Visitor: 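Here you go, one structure.
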Amino acid sequence: MPELPEVETVKNTLAEKITGLSIDAVDILMPKIIRTPSPEEFCRRLAGQTVLALDRRGKYLLVRLSGGLTLVIHLRMTGRLVYTTATALPARYTHVLFHLSNGDQLRFSDMRQFGRISLVENDALPLFPGLKDLGPEPLSANFTREYLQRELRRRRTRLKPLLLDQTFIAGLGNIYADEALHRARLHPQRPASTLSPREAAALYRAIREVLTEGIAGRGTTFRDYVDGTGRRGGFQEKLRVYGRAGQPCRQCGKPVERIRISGRSAYFCPGCQKQ
DNA sequence: AAGAAGTCCTGGGCGC
DNA sequence: TGCGCCCAGGACTTCT
């Protein structure tokens, strides 16, 4: 599941390949993947534009183009964006093909068809649904210990759903949220407003640490994730709780537990993360 | 207004 | 062995 470290890795690997190239043409094999504008307008407006740079905001990949346009791409669960030669055999579930000016291709594939691609004018980006309400970037200077502490105090919800709330903090998903809580030794059910300043500081440190290490590990391939060149991540080897129900905690040896919190699974160690 | 639940989607794991 | 049920989950919409 592409979360912040995975999207950052896709961004970095693709930037190397496609920056400076232009998009000659686009084939849309599954129209619903294009959120906006219409598929026809999407192809027409994209043709001839040059890739200026790649950025990331939360789990959104932003492809900055000439003509004052930005491609906004969300991979959701199983989406992949991979640079290939034109002759490479198309992966299963390939839904959109971008023909590049050097003869190679950028291909979007997605088994579960949850991912979405939009073409947005730069002026409209700050208002774009999904982007406009995103919380702070956890690795930027905007995300401070004070912000986290202040926001935790005024929320009545539990820690796990709060970390998944993209308007609270951008980029965390189920994997890194569980890993951050384990590192901070905090129970996922803990009401956010009950954290002491010391615990809030531990959570702040854990979030930044786990995301930084995730990026250094080139992301987590739990199932489907690959980077912009088709390579798997390496951080799955370093996971302490996510997907490890029944296996011993790497810190204390107690078996990792899996519970459901507001419809989502949460992995935690009952020894390290007391209620 | 905030929080919870429903929706989309398909491969894989499990039970019988 | 094989069928069918159910689960995984990010963001958006709908409900309470």
Side-chain angles (χ1 to χ4, degrees), chain A residues 1-10 29-36 56-62 72-81 91-96 108-118 120 125 127-138 150-181 188-194 207 211 214 219-226 232-233 236 239 241-247 256-268:
Chain A
M1 296 128 267
E3 305 178 25
L4 186 154
E6 290 73 39
V7 181
E8 180 71 16
T9 306
V10 172
L29 310 176
M30 182 163 295
K32 74 171 176 188
I33 300 297
I34 310 302
R35 180 150 79 138
T36 185
R56 180 193 55 73
R57 180 76 175 94
K59 302 174 198 169
Y60 288 87
L61 181 69
L62 306 175
V72 179
I73 302 173
H74 200 301
L75 302 173
R76 293 280 185 97
M77 321 285 290
T78 54
R80 292 175 168 186
L81 198 60
R92 263 182 102 181
Y93 319 109
T94 297
H95 304 316
V96 184
F108 175 83
S109 64
D110 188 351
M111 182 180 77
R112 290 193 199 164
Q113 308 168 21
F114 280 0
R116 290 293 180 267
I117 304 177
S118 306
V120 184
L125 270 182
L127 298 168
F128 192 71
L131 281 180
K132 80 170 156 64
D133 296 319
L134 281 183
E137 276 299 316
R150 185 174 2 104
E151 290 297 311
L152 285 169
R153 205 160 8 191
R154 50 179 221 93
R155 301 289 192 126
R156 312 178 79 82
T157 188
R158 294 162 292 181
L159 286 178
K160 179 66 188 289
L162 186 59
L163 292 184
L164 295 178
D165 180 352
Q166 302 299 299
T167 68
F168 176 75
I169 175 173
L172 286 176
N174 224 24
I175 298 174
Y176 294 95
D178 282 357
E179 293 297 311
L181 287 170
Q189 302 256 45
R190 196 58 193 280
S193 59
T194 66
I207 289 168
L211 292 174
T220 301
T221 299
F222 195 75
R223 204 165 253 158
D224 303 283
Y225 164 75
V226 294
R232 291 164 52 84
Q236 60 277 7
L239 297 178
V241 285
Y242 185 84
R244 300 191 62 247
Q247 296 176 54
V256 171
E257 284 184 19
R258 192 189 130 218
I259 56 174
R260 288 190 84 75
I261 306 175
S262 58
R264 294 282 112 105
S265 63
Y267 297 89
F268 72 102

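Reminder, nothing fancy here: chain letters follow the sequence lines and each chain counts from 1. Here the structure is a predicted model, which is why all the values come from computation and not from measurement.
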Visitor: Under the criterion side-chain contact (heavy atoms from CB on, under 4.5 Å), which of A:Val7, A:Leu61, A:Asp110, A:Val96 is the partner of A:Leu81?
Guide: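 Result for side-chain contact (heavy atoms from CB on, under 4.5 Å) with A:Leu81: A:Leu61.
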Visitor: How would nucleotides 11-16 of chain C be written as a contact map, 5' to 3', with B for base contact, S for sugar-phosphate-only contact and - for no contact, using protein heavy atoms under 4.0 Å?
Guide: BS----
Visitor: Do A:Glu3 and A:Lys59 meet the salt-bridge criterion of a basic N to acidic O distance under 4.0 Å?
Guide: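 A salt bridge is absent here (no side-chain N lies under 4.0 Å from a carboxylate O).
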Visitor: For A:Ile117 and C:dG10, give me the distance from atom CD1 to atom P, rounded to whole Å.
Guide: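 Distance check: A:Ile117 CD1 to C:dG10 P gives 19 Å.
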Visitor: Indicate whether OP1 or OP2 belonging to C:dA8 is found under 4.0 Å from a side-chain N or O atom of A:Tyr267.
Guide: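 Indeed not, no polar side-chain atom of A:Tyr267 lies that close.
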Visitor: Over its full length, what angle do the end axes of the helix from B:dA2-C:dT16 to B:dC16-C:dG2 make, each axis taken from five pairs and the result rounded to 10 degrees?
Guide: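 End-to-end axis angle for the helix from B:dA2-C:dT16 to B:dC16-C:dG2: 60°, rounded to 10°.
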Visitor: Could you say whether A:Arg154 or A:Ser262 is positioned toward the 5' end of DNA chain B, judged by the nucleotide with the nearest heavy atom to each?
Guide: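 Its nucleotide being nearer the 5' end, the pick is A:Arg154.
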Visitor: As an exercise, state the distance from CG of A:Leu164 to CZ of A:Arg158, rounded to the nearest 0.5 Å.
Guide: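 A:Leu164 atom CG to A:Arg158 atom CZ measures 11.5 Å (nearest 0.5 Å).
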Visitor: Nucleotide range of DNA chain B contacted by chain A, 5' to 3', under 4.0 Å to a heavy atom?
Guide: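 Using the under 4.0 Å cut-off, the span is B:dG3 to B:dG11.
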Visitor: Under the side-chain contact (heavy atoms from CB on, under 4.5 Å) test, which residues partner A:Thr221, sequence neighbours left out?
Guide: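 Listed in chain order: A:Tyr225, A:Arg232, A:Gln236.
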Visitor: What closest approach, in Å, do A:Ala170 and A:Gly58 show between heavy atoms, and which atom pair accounts for it?
Guide: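 Scanning both residues completely, I find the closest heavy atoms to be CB-CA, 3.8 Å.
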Visitor: Can you list everything that forms a side-chain contact (heavy atoms from CB on, under 4.5 Å) with A:Ala266? Sequence neighbours excluded, please.
Guide: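 Result, side-chain contact (heavy atoms from CB on, under 4.5 Å) vs A:Ala266: A:Lys160, A:Asp178, A:Pro188, A:Ile259, A:Ile261.
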Visitor: Rounded to whole Å, how long is the line connecting atom CD1 of A:Ile261 with atom C1' of C:dG9?
Guide: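 Whole-Å distance recorded here is 15 Å.
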Visitor: What nucleic acid atoms does A:Ser265 come within less than 4.0 Å of, heavy atoms only: base, sugar-phosphate, or nothing?
Guide: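 A:Ser265: backbone/sugar contact only, no base atoms under 4.0 Å.
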Visitor: Answer with base, sugar-phosphate or nothing: what part of the nucleic acid does A:Met77 contact at a heavy-atom distance below 4.0 Å?
Guide: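 Base contact.
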Visitor: Answer yes or no: side-chain N or O of A:Arg223 and base N or O of C:dA8 forming a donor-acceptor pair under 3.5 Å.
Guide: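 Absent.
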Visitor: Would you mind telling me which residue lines up with the more 5' stretch of DNA chain B, A:Phe114 or A:Arg158, judged by nearest nucleotide?
Guide: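 Per heavy-atom nearest nucleotide, the more 5' residue is A:Arg158.
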Visitor: Can you measure from CG (A:Leu181) to CG (A:Leu163) and round to the nearest 0.5 angstrom?
Guide: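 Between atom CG of A:Leu181 and atom CG of A:Leu163 there are 5.0 Å.
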Visitor: Testing A:Tyr176, A:Tyr242, A:Tyr267 one by one against A:Phe222 for a ring-ring contact (aromatic ring centres under 6.0 Å, His included), which residue passes?
Guide: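 So the option named by the test is A:Tyr242.
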Visitor: Have a look at A:Arg116 and say if it touches a base, only the backbone sugar-phosphate, or nothing, with a 4.0 Å heavy-atom cut-off.
Guide: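 No contact at all - A:Arg116 keeps every heavy atom at 4.0 Å or more from the nucleic acid.
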Visitor: Distance check, rounded to the nearest 0.5 Å: A:Leu131 atom CG versus A:Tyr60 atom OH?
Guide: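 Rounded to the nearest 0.5 Å, the CG-OH separation comes out at 6.0 Å.
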Visitor: Could you check whether A:Arg155 pairs with A:Asp165 (Lys NZ or Arg NE/NH1/NH2 to Asp/Glu carboxylate O, under 4.0 Å)?
Guide: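 Result for this pair is yes, salt bridge flagged.
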Visitor: Please work out if A:Arg92 contacts a base, only the sugar-phosphate, or nothing of the nucleic acid, heavy-atom cut-off 4.0 Å.
Guide: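 Sugar-phosphate only.
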Visitor: List in chain and number order the residues that pass ring-ring contact (aromatic ring centres under 6.0 Å, His included) with A:His95, two or more places apart in sequence or in another chain; answer none if no residue qualifies.
Guide: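 Partners of A:His95 by the ring-ring contact (aromatic ring centres under 6.0 Å, His included) criterion come out as none, since no residue qualifies.
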